[in-house]
Amino acid sequence: MKSLYIKFVVITIGIMIFSSIFAFLISNTYYHQKLKPHNDQKITAFAESIAAFTNEHPAIDLIEYLENISSIGYQIYLVDYAGDESFFGAAFRDNNLSVSTKEHVLNGHVYHGILHFPQETFVTGFFANELKNTIGVPLTHNGKNYALFLRPDIKLLFNEMHLLFAWLLAFTIILSIIMVVFSTKYLVRPISKLTKATKSLSNGDFNVELDINRYDELGELSHSFQRMANKLEQMDDMRKEFISNISHDIQSPLSNIKGYTNLLENASTSSKERVQYVSIINGEIRRLSTLTKQLLLLASLDRNDDILKKKTFNVGQQMKDLIRNYQWLVSEKGIMLSYSLPDTEIIGDPSLLNTVWDNLLANAIKYNKPDGSIEILIEEREKSIAVTFEDSGIGMSKAEIDRIFDRFYRADTARTRTIEGTGLGLSIVWSIVKLHDGHVYVKSEEKEGTAFIVELPVHS
Ligand code: ADP
C-alpha cells in the first residue's frame, strides 16, 4: 500500500512539474509571437523621442541627460564614429554588438535588436540583459552623430515584482507538495483499511468494521464491501446449518436401520416381528432415498446452469394426470378433491413444474384433516397463469408461514410431528418457480386451511 501512496505523490508532483514547463513554453511562445513586436515598437518610439529631444536642444548636456534617463529605468549605450563609447545605467551582461550594427545606426538607420532577438525554447527574450537585445537609433547632438542603444532595465523596474512572483511560485510549490502528501494519505487510507478487511475476510473472520464515513466512490465501495461481508457471514451460517441438518437427517434413519438389522440378526426375534422390522427398515430407506433425490435436485437448481428444458405444454392436462396418480391416496384419506383445470398452454420446464404441483398436492393431502377437502384451480390472467392449491387442513401460524420456504424447515407442532417429511419440498418449489420468473403466495389460517398460489408468466 505504501507504494500506491508514493506513486500517487510522485505522479502528482510530476504532473505539477510537467504543467509548469509546458505553461512556460506556451507563454514564452506567446511573448515571441505577440508581445515582442509590441515591446520593440514601444521602445523604438521612446528611443526616437530621446533622439529628437537632443537634436532639438543642442544646449543640454547630453551625458547628464542620458544619465537622468538611465536612472528612471533604462540601460543605455552611446557610441560615435570615432569609436568612443559610454554606458549609462546598469551594465549589460553581454556587450557583444557587431561593428557593422553600430555603423548601420550611425548611418541613420534604426536597429531592432529586441524584435530580432533569437527565439530560444528556454530563454525569454524579455529578460535577456544583452547589448544585442536593444533598440538602436541615430542621435545628433551639436552637429555630432551618435548611435544610441537602449533597453528597459528590467531588474530596476521589476525587482519587487520579481521577488513577489518568486515567493508566490515558491510558496505555491511548497504548499502544493505538502497538501499532496497529506491529501494522498486521506485518499489512500480507506484502501489500506479495505485491504486489511479483505485479509481478515479471507481468514474466515466476517466481523469487519470499516467505519469509513465518506460519500464518494471509496465510501460506496466500503459500504458494498460491508454488505458483502454481512451476506457472506449469513451464507456461511446457512451453510453450517445446512450441513448439520443434512448430517442429522441422514444419521437418524441410518441408526434406525442399524438398530433394526441388529434385532433381525437376533435368533429369538419372531417372524411377525421380523416382518414389522423389515417394513420399518424399508420406510427409512425410502426416506433416505427421497432426501438424497431432493438434495440432488436442489443442488442442480442452485447451480442454475441451463437446468431448464423449456417447451410449450398443456399445464391443465399435466395436473389432471398427476391427480390421477394421487386418486387412491385421496380416497383412502376420505378427502374430497375438486378441480377446475382448463387446457392452458405455457412455456416452461414440464418435468420441474410437475415436481412443483406434486409437492403442493402431496402437502395438501399430508397436512389435511380427515374428511377434509382440496380444491385445485388454474386461472388465466393477462400475461400469467395462477395455479391455486387450497386445502381445509391444519393451516399455519404467521411465524410458520415466514419460514416454510427455508431449507429443512418443518413446523414442529403436535399435529405435524407424526407426518413424514424432509422440509425440503417447499424450498424446491420456491427455487423452480423463481427459475421460471414466477412467484409463490401463501394464505393460511391455523386450523382452517392453507392456499398456495403459484403465479407463472405464460412466456417465461
Ligand atoms: P415437508 O412437507 O417435507 O415437511 P415442505 O418443505 O414441503 O416439507 O414443507 C415445509 C413445512 O411447511 C411442512 O413441514 C409444514 O409444516 C408446512 N406446510 C407445507 N404445506 C402445508 C400445508 N398445505 N398445510 C399446512 N402446513 C404446510
Side-chain angles (χ1 to χ4, degrees), residues 238 241-242 244-250 252-253 283-302 319 322-323 325-326 329-330 333-339 352-377 386-435 438-455:
M238 270 168 67
E241 197 187 318
F242 190 68
S244 93
N245 281 332
I246 295 179
S247 317
H248 173 263
D249 278 39
I250 290 177
S252 66
E284 294 295 23
I285 291 174
R286 212 176 33 246
R287 211 173 123 191
L288 271 177
S289 160
T290 314
L291 180 71
T292 43
K293 269 188 213 146
Q294 285 183 320
L295 281 172
L296 280 173
L297 179 59
L298 263 180
S300 53
L301 289 173
D302 282 349
M319 288 172 68
L322 180 78
I323 290 169
N325 293 342
Y326 276 96
L329 189 62
V330 171
K333 294 213 168 188
I335 294 172
M336 206 183 82
L337 196 153
S338 59
Y339 54 82
L352 288 178
L353 286 175
N354 197 52
T355 311
V356 170
W357 318 137
D358 195 333
N359 274 309
L360 293 178
L361 182 54
N363 280 353
I365 298 169
K366 265 199 297 187
Y367 301 105
N368 220 316
K369 290 181 213 152
D371 302 323
S373 67
I374 297 173
E375 193 178 0
I376 308 173
L377 301 171
V387 184
T388 309
F389 288 79
E390 192 165 2
D391 63 60
S392 59
I394 56 173
M396 286 177 276
S397 68
K398 175 89 188 53
E400 285 165 1
I401 295 175
D402 287 344
R403 299 206 52 201
I404 49 172
F405 294 108
D406 291 354
R407 292 176 186 188
F408 290 106
Y409 175 76
R410 306 202 66 219
D412 187 21
T413 63
R415 290 162 289 135
T416 56
R417 222 163 282 146
T418 50
I419 302 170
E420 211 174 87
T422 58
L424 290 175
L426 285 181
S427 38
I428 290 175
V429 167
W430 180 266
S431 300
I432 295 175
V433 174
K434 281 290 138 194
L435 279 177
H439 200 81
V440 190
Y441 302 92
V442 192
K443 284 188 218 159
S444 189
E445 228 17 89
E446 261 183 298
K447 298 192 186 117
E448 294 289 322
T450 305
F452 280 93
I453 301 137
V454 176
E455 190 173 17

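As the structure lists them, so they are numbered: ligands from 1, and atoms in each ligand from 1.
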Exercise. Which distance, rounded to the nearest 0.5 Å, do you find between the CG of Leu298 and the NZ of Lys293?
Worked result: 14.5 Å

Filter the ligand 1-protein atom pairs down to N or O on both sides and distance under 3.5 Å, then list them.
from	atom 1	to	atom 2	distance (Å)
ligand 1	2 (O)	Asn363	OD1	3.2
ligand 1	2 (O)	Lys366	NZ	3.0
ligand 1	2 (O)	Tyr367	OH	2.8
ligand 1	3 (O)	Thr422	N	2.8
ligand 1	3 (O)	Gly423	N	3.0
ligand 1	4 (O)	Tyr367	OH	3.1
ligand 1	4 (O)	Arg410	NE	2.5
ligand 1	4 (O)	Arg410	NH2	3.3
ligand 1	4 (O)	Gly423	N	3.4
ligand 1	6 (O)	Gly425	N	3.3
ligand 1	6 (O)	Leu426	N	2.7
ligand 1	7 (O)	Asn363	OD1	3.4
ligand 1	7 (O)	Asn363	ND2	2.9
ligand 1	7 (O)	Leu426	N	3.4
ligand 1	8 (O)	Gly423	N	3.3
ligand 1	14 (O)	Tyr367	OH	3.2
ligand 1	16 (O)	Ala411	N	3.2
ligand 1	20 (N)	Asn363	ND2	3.3
ligand 1	23 (N)	Asp391	OD2	3.0
ligand 1	24 (N)	Thr450	OG1	3.4

Exercise. Is Tyr367 close to Ile419 at the side-chain level, that is, under 4.5 Å between some pair of heavy atoms?
Worked result: yes

For this session: Output yes when a side-chain donor or acceptor of Ser431 lies under 3.5 Å from a complementary backbone atom of Ser427, and no otherwise.
Result: yes

Problem set entry | Non-hydrogen side-chain atoms of Met396 and Glu445 separated by less than 4.5 Å | no

For this session: Say whether, by atom type as modelled, one donor and one acceptor occur between the side chain of Ser373 and the main chain of Ser392 under 3.5 angstrom.
Result: no

Problem set entry | side chain to side chain contact (heavy atoms under 4.5 Å, CB included), paired with Leu361, selected from Asn325, Val356, Val330, Ile323 | Ile323

